[in-house]
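For the numbers below, each heavy atom of this structure counts, side chains included, while hydrogens, waters and symmetry mates do not. Just so it is clear: chains get the letters A, B, ... in the order the sequence lines come, proteins before strands, and each one is counted from 1.
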Protein chains: 2
Amino acid sequence: MSGTTPGIRAPRADARRNRDRILEVAEQYFAEHGVAGSLDQVAKNAGVGAGTLYRHFPTREDLLAALLAAREDHLTQQLEAIRADATDAATALHRWLAALAEWACAFDGLPDPLREALSENVSPLTLTCQGYITTTDGFLAAAQHEGSARKGVRARDLFLLVLATSWARSAAMADDSSLAGMLDLLRSGWARTTDK
Amino acid sequence: MSGTTPGIRAPRADARRNRDRILEVAEQYFAEHGVAGSLDQVAKNAGVGAGTLYRHFPTREDLLAALLAAREDHLTQQLEAIRADATDAATALHRWLAALAEWACAFDGLPDPLREALSENVSPLTLTCQGYITTTDGFLAAAQHEGSARKGVRARDLFLLVLATSWARSAAMADDSSLAGMLDLLRSGWARTTDK
DNA sequence: AACGCTAAGGAGACAGTCTCCGTTTGTCAA
DNA sequence: TTGACAAACGGAGACTGTCTCCTTAGCGTT
């Protein structure tokens, strides 16, 4: 035992190469055809057999989770930036939700498996979502404490509605301004209240 | 010519019977398995060949449109009731949106083809959606005129967000209270504003 | 009763998912 | 080096679902 964990062997070189190649190709393919595209086609584009693809990523969700893991950095960076700027809690929450919404638009059709991951809690995507809900809850609680967010609003609902907004975006002639518009609507609601 | 429109023949008795039977069975099947279920299975359950089903309803959307047409009465009745009660425009809008949200939950997965119908405007569902958007716009404009809805909110966005809410509902452990909660969020937003 | 034409049925082409198993290949110890 | 072994590969093929095409059945009319 030369320092590596006993019982766990390093993956073979070709396996690692194939895995990377699949991810690379899938990223491109999903970007073009949406996350519901043909997996066999991904395998073909990567120059591997279907069996190889399914061994590395047993389900579509596993593949998706790996792709999102690669993008996690980007969201994390935004998170840091938001925390650093920290003007008021409401602005921070709004910016975080906008970042989330953009994240969920990374691939066409992405919101669907994310929603799925929240209902049946045995998906490789579940953990990611749970984490982001927790983060959302942090921002939300701060804003509520500050008095700039209404009580009774729950982080999970908020997260779901942001996902839903991303889902809706692909209908709205796909312009990013309508995404922003709907997020504003989520913040302020359609009603003009004098509030209590 | 005995009063019937010339050039258009009455459908044959068996054709009509089959069509009705398919609708009846599809209603039940979709209610159980969602709108993405197997059409061949619907045909089998109805005791007809696949060809018969596809002749009557060339696409899944056609079948869906026919099913929704049968339910139109229900929504129309609610619409009348809302108009009759007419307390204030804001309440009316909220009740209308709630009715819409419930309507879009009639079958599991229904929001997806509805959203689709809005992006590519050549679907048998497009007309239905457009009509409901117009209705929404009526309520919205009244509320805006009354001063109880914010300016700048667009009916189409509102309709889409209601659809999105129905889409989100199926994740939220499917309890109807969370649907109501999200609709409230849509009305008031998460922010606690003193408004201008 | 016979005939013409609408509609039914279902076989089959096609596309996608996913598994299984014979074959290849990287790795490590001798 | 070489050989042995496990790890990984590839792709044929079973299965499911969509949708079309063409033959057959039978409705409605004369």
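- When the C1' atom of D:dC19 is taken as reference, atom NZ of B:K44 falls 14 Å away, rounded to whole Å.
- What you find for B:R150 and B:Q144 is that their closest heavy atoms are O-NE2, 2.9 Å.
- A:E61 and A:P113 make their closest contact through OE2-CB, 4.4 Å (heavy atoms, listed as atom of the first residue, atom of the second, distance).
- DNA chain D is contacted by both B:G37 and A:R19; A:R19 maps to the nucleotide lying nearer its 5′ end (nearest heavy atom per residue).
- When rounded to the nearest whole Å, the span between CZ of B:F57 and C1' of D:dC19 equals 16 Å.
- C:dC18 atom P lies 7 Å from atom CZ of A:R60, rounded to whole Å.
- Taking atom NE2 of residue A:H33 and atom C1' of nucleotide C:dG16, one finds them 14 Å apart after rounding to whole Å.
- A donor-acceptor pair shorter than 3.5 Å cannot be found between the side chains of B:Q28 and B:E24.
- The list of side-chain hydrogen bond (donor to acceptor under 3.5 Å, both in side chains) pairs with a residue in residues 46-59 of chain A, not counting sequence neighbours, reads A:T59-A:D62.
- Scanning both residues, B:V35 and B:L110, for their nearest heavy atoms gives CG2-N, 3.9 Å.
- Whole-Å rounding puts the A:Y54 OH to D:dG13 P distance at 18 Å.
- Between B:H56 and C:dA8 there is a side-chain polar atom (N or O) within less than 4.0 angstrom of OP1 or OP2.
- The separation between B:R16 atom CZ and C:dA8 atom C1' is 18 Å, rounded to whole Å.
- If you take CG of B:L53 and P of D:dG17, they are 14 Å apart, rounded to a whole angstrom.
- Under 4.0 Å is where a charged nitrogen must lie from a carboxylate oxygen, and between B:D14 and B:R17 no such pair does.
- Between the side chains of A:Q77 and A:D73, not a single donor N or O lies within less than 3.5 Å of an accepting N or O.
- Here the P atom of nucleotide C:dG16 and the OH atom of A:Y29 are 7 Å apart, to the nearest Å.
- By the 30° and 60° cut-offs, the orientation of the rings of B:W167 relative to A:W167 is parallel.
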Dump the pairs, protein N or O against N or O of nucleotides 25-30 of chain D, anything under 3.5 Å, distances to one decimal.
{"unit_1": "D:dG26", "atom_1": "N2", "unit_2": "B:R12", "atom_2": "NH1", "d": "3.3"}
{"unit_1": "D:dG28", "atom_1": "OP1", "unit_2": "B:A13", "atom_2": "N", "d": "3.2"}

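- Within the model, atoms CG of B:D137 and CZ of B:R156 stand 12.5 Å from one another, a figure rounded to the nearest 0.5 Å.
- Side-chain N/O atoms of B:S38 include one lying less than 4.0 angstrom from OP1 or OP2 on D:dT18.
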Would you list the protein and nucleotides 9-12 of chain C atom pairs, both N or O, that sit under 3.5 Å from each other?
{"unit_1": "C:dG9", "atom_1": "OP2", "unit_2": "B:G49", "atom_2": "N", "d": "3.2"}
{"unit_1": "C:dG9", "atom_1": "OP2", "unit_2": "B:T52", "atom_2": "OG1", "d": "3.2"}
{"unit_1": "C:dG10", "atom_1": "O6", "unit_2": "B:G51", "atom_2": "N", "d": "3.3"}

